[in-house]
Amino acid sequence: MKQTRPSFAERLRRGDLLIGTLVSLPSPEVTEILAGCGYDWLFIDAEHGAFNPQQAQAMLQAAGECPCIVRVPSGDEVWIKKALDIGAAGVIVPQVHTAEQARLIVGACKYSPTGSRGVGIGRAHRYGQEFEQYIRRANKQTAVILQAESQQAVDNIRAIAAVPGVDAIFIGPYDLSASLKRIGRVRDRKVTNAIARIRKACKAAGVRLGYFGVSSAAVRPCIRKGFTLLAVGVDSLFITQSAQETLADLRN
């Protein structure tokens with residue numbers, strides 16, 4: 001299919017501000033609703049969300065033209081391959097602690113000769129109808145996003161960010177705070193200092209920065225600090241908060 005606009009990966013690399021939201025419920029209808037809200041991308045959470053690859057594919061289908069990035073459960077090449085074959089615009093890989101892990105993940109995302117991604121028939125290339133076109137552009141148009149969310153990742157962040165093919169480092173503030181023995185205290189100085197180290201290393205390497213927050217207030221300061229890949233809110237929290245506010249309004 002002829003590309004009429006830049007891919008998500010290309011927009012990410014050039015530093016466009018990309019605002020998305022996290023989808024944790026295995027519901028194509030929820031995905032369809034959120035895609036229709038105008039987000040730049042959707043964060044499909046297959047790490048913590050209770051769904052399998054077939055359900056994830058249904059969610060990507062429901063999203064239509066809105067790019068979806070799948071957070072795979074781990075850096076295992078099987079899940080990475082499935083996420084990309086069902087049509088994800090890229091992957092977010094959690095718990096990346098070393099440069100060696102980063103190299104293996106990039107390799108799993110890229111076709112030969114750059115990497116070792118398996119070749120098969122799938123939704124990504126319309127079940128073979130656009131196979132050759134997809135193969136030609138896939139390496140360039142697949143976003144590889146790694147999560148830095150541990151003390152070990154912070155210690156190794158310069159080497160991780162320097163791995164060729166890494167497009168962005170996405171900070172998981174809650175897991176990072178837990179690793180630093182400050183669970184849930186994402187504003188603690190030890191946590192913010194660790195985030196500052198990640199920012200510095202990514203800026204030096206020319207790698208984009210991502211961040212998750214539960215509200216616009218939580219992520220707005222990140223824009224001023226150079227973060228361009230933002231995920232704000234969670235589908236389940238949107239439902240809960242709206243329902244609670246409506247009920248409280250009527251009862252009061």
Side-chain angles (χ1 to χ4, degrees), residues 12 18-24 41-50 68-77 79-80 83 88 90-106 108-109 143-163 165-205 207-215 218-219 221-223 225-237:
L12 174 63
L18 300 169
I19 301 173
T21 191
L22 194 149
V23 186
S24 66
W41 67 292
L42 295 180
F43 183 139
I44 307 298
D45 189 8
E47 181 190 16
H48 295 295
C68 292
I69 306 298
V70 174
R71 176 161 68 179
V72 294
S74 70
D76 179 84
E77 67 175 343
W79 248 106
I80 291 174
V91 292
I92 295 176
V93 182
Q95 300 293 336
V96 178
H97 311 299
T98 68
E100 180 58 27
Q101 280 182 283
R103 280 189 285 271
L104 291 173
I105 291 163
V106 171
C109 291
V144 181
I145 304 163
L146 310 181
Q147 284 200 258
E149 48 189 348
S150 69
Q151 179 66 66
Q152 187 179 8
V154 175
D155 293 339
N156 293 321
I157 192 61
R158 290 180 63 187
I160 293 171
V163 172
V166 173
D167 295 312
I169 298 295
F170 196 93
I171 296 174
Y174 291 93
D175 278 330
L176 179 58
S177 70
S179 176
L180 299 175
K181 313 302 181 187
R182 303 290 193 277
I183 188 167
R185 294 156 57 188
V186 297
R187 302 300 180 195
D188 184 273
R189 182 175 295 276
K190 189 172 183 180
V191 179
T192 58
N193 285 345
I195 292 173
R197 287 182 63 185
I198 296 170
R199 284 176 54 213
K200 183 178 180 181
C202 289
K203 183 177 181 180
V207 170
R208 300 302 174 183
L209 281 160
Y211 191 85
F212 165 78
V214 295
S215 68
V219 301
C222 295
I223 299 175
K225 295 176 181 178
F227 288 75
T228 59
L229 182 65
L230 302 178
V232 56
V234 184
D235 53 0
S236 57
L237 291 182

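Bear in mind that the values here come from a model prediction, so they are computed numbers and not experimental data. Sequence positions, counted from 1, serve as the residue numbers for this chain.
- Put simply, CZ on R158 and SG on C202 are 12.0 Å apart, with the number rounded to the nearest 0.5 Å.
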Quiz item: Given I157 and K200, is the side-chain contact (heavy atoms from CB on, under 4.5 Å) satisfied, shown in steps?
Solution: CA-CA 9 Å; I157 192 61; K200 183 178 180 181; over 6 Å; no
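- Looking only at distances, a side-chain donor or acceptor of S179 sits under 3.5 Å from a matching main-chain atom of Q151.
- For the side chain to side chain donor-acceptor pair (under 3.5 Å) test, no residue two or more places apart in sequence or in another chain qualifies with D175.
- Side chain of W41 to backbone of L230: a donor-acceptor contact under 3.5 angstrom is found.
- Rounding to the nearest 0.5 Å gives a distance of 10.0 Å between CD1 of I44 and CD1 of I92.
- In this structure the side chain of T21 never reaches within 4.5 angstrom of the side chain of D235, judged on heavy atoms.
- Between H48 and S24 there is no side-chain heavy-atom pair separated by less than 4.5 Å.
- The environment of CZ in R182 is crowded: more than 12 heavy-atom neighbours from other residues, nucleotides or ligands sit within 6.0 Å.
- In this structure, D167 contributes its side chain and I145 its backbone to no donor-acceptor pair below 3.5 Å.
- Between F227 and R199 there is a side-chain heavy-atom pair separated by less than 4.5 Å.
- Considering CG of L229 and SG of C222, their distance stands at 11.0 Å, rounded to 0.5 Å.
- In this structure, CD1 in I183 is found 11.5 Å from CG in L176, a value given to the nearest 0.5 Å.
- Among all heavy-atom pairs drawn from A143 and L12, the shortest one is CB-CD2, 4.2 Å.
- A205 and A161 make their closest contact through CB-O, 3.6 Å (heavy atoms, listed as atom of the first residue, atom of the second, distance).
- Across V91 and I69, no two heavy atoms sit closer than the pair C-CG2, 3.7 Å.
- For E47, the CD atom counts as densely surrounded, since its 6.0 Å shell holds more than 12 non-hydrogen atoms of other residues, nucleotides or ligands.
- The closest donor-acceptor contact from the side chain of S177 to the backbone of G184 lies under 3.5 Å.
- The CD atom of Q147 lies 10.5 Å from the CZ atom of F212; values are rounded to the nearest 0.5 Å.
- Between V163 and A102, the closest heavy-atom pair is CG2-CB, 3.9 Å.
- When all heavy atoms are compared, the tightest approach of A83 to V72 is CB-CG1, 3.9 Å.
- Side chain of S150 to backbone of H97: no donor-acceptor contact under 3.5 angstrom is found.
- Every residue meeting the salt bridge (charged side-chain N to carboxylate O under 4.0 Å, His left out) condition with R103, not counting sequence neighbours, appears here in chain and number order: E100.
- Looking only at side-chain heavy atoms (C-beta outward), R185 and V191 stay at 4.5 Å or farther from each other.
- In this structure, I80 and G75 approach most closely via the heavy-atom pair CD1-O, 3.6 Å.
- Heavy atoms of other residues, nucleotides or ligands lying less than 6.0 angstrom from CD1 of I223 number more than 12.
- We find the CZ-CG distance between R208 and L18 to be 10.0 Å, quoted to the nearest 0.5 Å.
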